[in-house]
Amino acid sequence: MSFLEYNVKSMPSGWRKVLYLNWGLILLLIAVASFGFLMLYSVAGGNFDRWAEPQMERFALGFVAMFIVAMVPIWFWRNMSGVAYGISVLLLLYVEFFGSVGMGAQRWIDLGFMRLQPSELTKITLVMILAAYYDWLDLSKKSRPLHVLIPLVLIAVPVFLTLRQPDLGTALLLLMGGGAVMFVAGVHWAYFAGVIAAGVGAVTAVFTSRGTEWQLLQNYQYRRIDTFLDPSNDPLGAGYHITQSQIALGSGGWTGRGFMEGTQSRLNFLPEKHTDFIFTTLAEEFGFIGAASLLVLYILILVFCIATAVMQRDRYASLLVMGIAVAFFLYFAINMAMVMGLAPVVGVPLPLVSYGGSAMLVLMVAFGLVQSAHIHRPR
Amino acid sequence: MKRTQKDTEDSARQIGRRSLVVGGIFIGTAAVLAARMRYLQVERADDFRLLAEENRINIRLLPPARGLIFDRGGVLLAANEQNYRITLVREDAGDVDAVLAELGRIVNLDMVTLQRARREIDRRPPFVPVTIADRLSWAEVSAVAVNAPALPGISPEVGLSRVYPMSGDFSHVVGYVGPVSDYYLEQTGDTDPVLQIPDFQVGRNNIEARLEHTLRGSAGTKRVEVNAGGRVMRELDRDPPEPGSDVQLTVDAGLQNYVEARLHGESAGAVVMDCETGEILALASAPTFDPNLFVRGISTAAWTDLNEDRYRPLANKATQGLYPPGSTYKMIVALAALEAGLVTPEETVTCPGHMDVGNRRFHCWRRDGHGRVNLVESISQSCDVYYYELAQRVGIEAISEMAHRFGCGVRHDLPLSGIAEGLAPTMQWKLQNRGAAWVVGDTLNASIGQGFVLNSPLQLAVMTARLATGREIVPSIIRSIDGISQLPPPAADMGFDPGHLDQIHRGMWNVNNDRRGTAYGARVEVADYKIAGKTGTSQVRNISAAERASGVIRNEDLPWERRDHALYVGYAPYDSPRFACSVIVEHGGGGSAVAAPIARDILLRAQLGEVPPPELYPAGQRHDIERMHRDLPILPSPPVPTGRTVRSQA
């Protein structure tokens, strides 16, 4: 037990660990995933085999993975952080070079039973390496410029590689998730203030330069921004998806049209109805009550994660759990904001609900890490 | 490396603080999301619900089946045919070229259509069916259906298309349909939504055009649920279309076929009417054309041929063609004189072959004159001088008034395209239209149906029917619509002295049955079928004094377009007239030689209901008549009434 930084009075071992799992969190995960199964069954037009069944199989697989990860002590995972990060960067490089040449610009690696997206994996491994870095770093050094630069490089490498794919949504998630770990780790707030100020300045510059000789973006890029700000500008072009999504969502009303009764999503008015836009179908069929319920479930998952993080005395475990919580939050917040017309359309799935193997598995492994931290917390 | 207890506590405190900040951001963001949800789903739910309905429900029009057109006996003249076509959906086809190549092995594909279809396929959304081949036979469609597994995306479809089983025979009565053009919409101001249906056909000509609203029916609708791309997902409900009304005409398909065949090779028009009821039994114009060509979309070459033909197949000579009636007008003049009491039947006029009025000499068609002729002889021998004399006694106003009573210069109200009004001139008319005063010479010309007088074959047929019966026969061509009779009430008596009419009838009898009659060659040998009539030969050129001196050029020696028109009007049987007939052969030469034999054959066919046997003809003509009937394009057996009708469309 040389890895422990604190005195363990009692530590569950063997199968007794199962009793110490955070069962509340598990129930929440099952509840959210069940929303997903229902919606996938519905958007497939009452077809169970098409999306719902494979999704359930993956959830089961993810559940097993979560248990295995949870059983392994958290300090083992801390020691594996560097290796995991290295592997995921190598995989990103692999799809960057071989994916584009040999396999027609694909972002995934076929594992036979599923297709693994290295960029999804990176969301967790980046949080792991950053948590491990701040665990290793002397507390007093955390705000020194040189020691701020190192995590920035760690974040920049996978962000650059995912941007090259190009996958703007994932790159943004990585950037914000990494930044959040740095924030929680206690890096001086002035850095964040600086970044936010720079961001606001850049946006201002982009907009004020419009129409002048030195404008920063191409005209078509400005038009995309216009469309986002007011979808009715281009109802049949780029604004179409946003408009249709809002129509479907809004037509749900208080109680929704009822399960399997949604018309807009089933009739292909929506793109990606089983993946990125699945929340629209849910909101259409179950109404405000259903959509708000899902939001509450998500918030409860976050509350459980924050509670687990705060209970820790291990710096790595705390930072890891908070990083995972932020990544999870970013997933559903950006997705919901996107379908409700509050954010531009970027490819971000609704966690545990959207159809997709990699994201599901990676999230379940991440919750395995949360569970591991919960089991092996000081008592 | 182990941290001190203090460091661990500091770290935990700091993480706790920052975590709470992060948690605060979580809650704040979630609150924004919830507020947005509430705004969209609660406050604006009704707006969006409305938009959603508009999105998904689409109303499609269903074309009605066009009403059928029958002849008086129930023979189908215009029907709806199942039109088999093959469509391709790009999305389902995958490799379009491979599928088309495979299809080409099964059915014969037209290269031009195929290229057009290829362009269409590239242009339209991938799920829209594009017509690859049209008007396929049942065998071809079956072959495609059997090979369906090898032809992804290909599907045989069926629609309704107009077809005219009698082909050219009725193109001048029934007309034809064609696609809806912008010009049509503009001209008619028709806003019927059914016109928006792709490939919908509207009547363009004659009955099809004039009875368009009767035949069209009204569109049905089906409400379908469509997806974002406009693809139909399912049908919600349908309101079936109401088919158009069936129209039965007064025409007789067998007789019409015979008349068209008999006029074959000439530029001519003919009308056969029922003397009693005014029903038009045949209304023919030769040459004719196949209306089915127009339904399918006529080729430029075929259109040019029709347009440039000097016999003008597209013109309806029976109703639109106006000709100087020539001697067929003489009964009008005679009756006008009799009714005015200005001549008696017994009175004779001496014809020396010409008459001098003022400083002009008016000739009789017979250069050496007819000698002394009375009224009956003047008709049967068609003496011009007799009518020059009568014309001077009666005057043009009385002649034209009588002409109007017989329907000349009157636009008969028939649902056909372009009914000509003709002209029975008056002094007033000449002053207004020619800016010159009427002179007595004009009256003389008018009295023999020349000069300004113009009539159509239809008007001459109506005139003949009125002469034969003495009643005011009104022509009609629609017998019933959806079984409801459209025939006019029995015609009223015109109030002529029966003795006067009898004189006219005797004159017309002698035309065909007196040795000296102008149409004695065109007589009938069997008493029951005897006909009476009047020949006419109308000049289309002036014969100069010089030409007259050196001998009038014979018709055969003139170019076609300068030859005389040949006319004949007549009725049969003589005792109790049932059929009235008029025939005009454009530039045919003499009425007695050209028009009268045609009219005799037509009247015999009308009376017998079949191709007349040679026994009815004078002995010397039987051989030629028999051979002619063999060579004419007459249907081998009369068309049979059919009960098979296509009433609805999927």
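Below, read A as the first sequence line, B as the second, and so on, with proteins coming before strands; counting in each chain starts at 1. Only this structure's heavy atoms are used, side chains among them; waters, hydrogens and symmetry mates stay out.
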> Roughly how far apart are B:R44 CZ and A:Q246 CD, rounded to 0.5 Å?
Replying inline: 7.5 Å

> Heavy-atom distance under 4.5 Å to chain A: side chain of B:A34, backbone, both or neither?
Replying inline: both

>> Using side-chain heavy atoms (C-beta onward) and a distance below 4.5 Å, is B:V22 in contact with A:F329?
In response: no

>> So for B:E43, is it side chain, backbone, both, or neither that comes closer than 4.5 Å to the heavy atoms of chain A?
In response: neither

> Would you say A:M311 has more than 12 foreign heavy atoms packed within less than 6.0 Å of its CE?
Replying inline: yes

> Going from CD1 on B:I15 to CZ on A:R313, what distance comes out if it is rounded to the nearest 0.5 angstrom?
Replying inline: 10.0 Å

>> What part of B:L20 gets within 4.5 angstrom of chain A, counting heavy atoms only: side chain, backbone, both, or neither?
In response: neither

> Would you call B:F48 and A:E284 a side-chain contact if the rule is heavy atoms closer than 4.5 Å?
Replying inline: no

> Does B:R38 make a cation-pi contact with A:F288, if we ask for NZ or CZ under 6.0 Å from the ring centre and within 45° of the axis?
Replying inline: no

> Where does A:A185 contact chain B at under 4.5 Å (heavy atoms): side chain, backbone, both or neither?
Replying inline: backbone

>> If I take atom OG1 from residue B:T29 and atom CG from residue A:L342, how far apart are they, to the nearest 0.5 angstrom?
In response: 11.0 Å

>> Any side-chain to backbone donor/acceptor pair from B:R18 onto A:V187? Under 3.5 Å, distance only.
In response: yes

> Side-chain contact, heavy-atom cut-off 4.5 Å: A:M336 with B:R36?
Replying inline: no

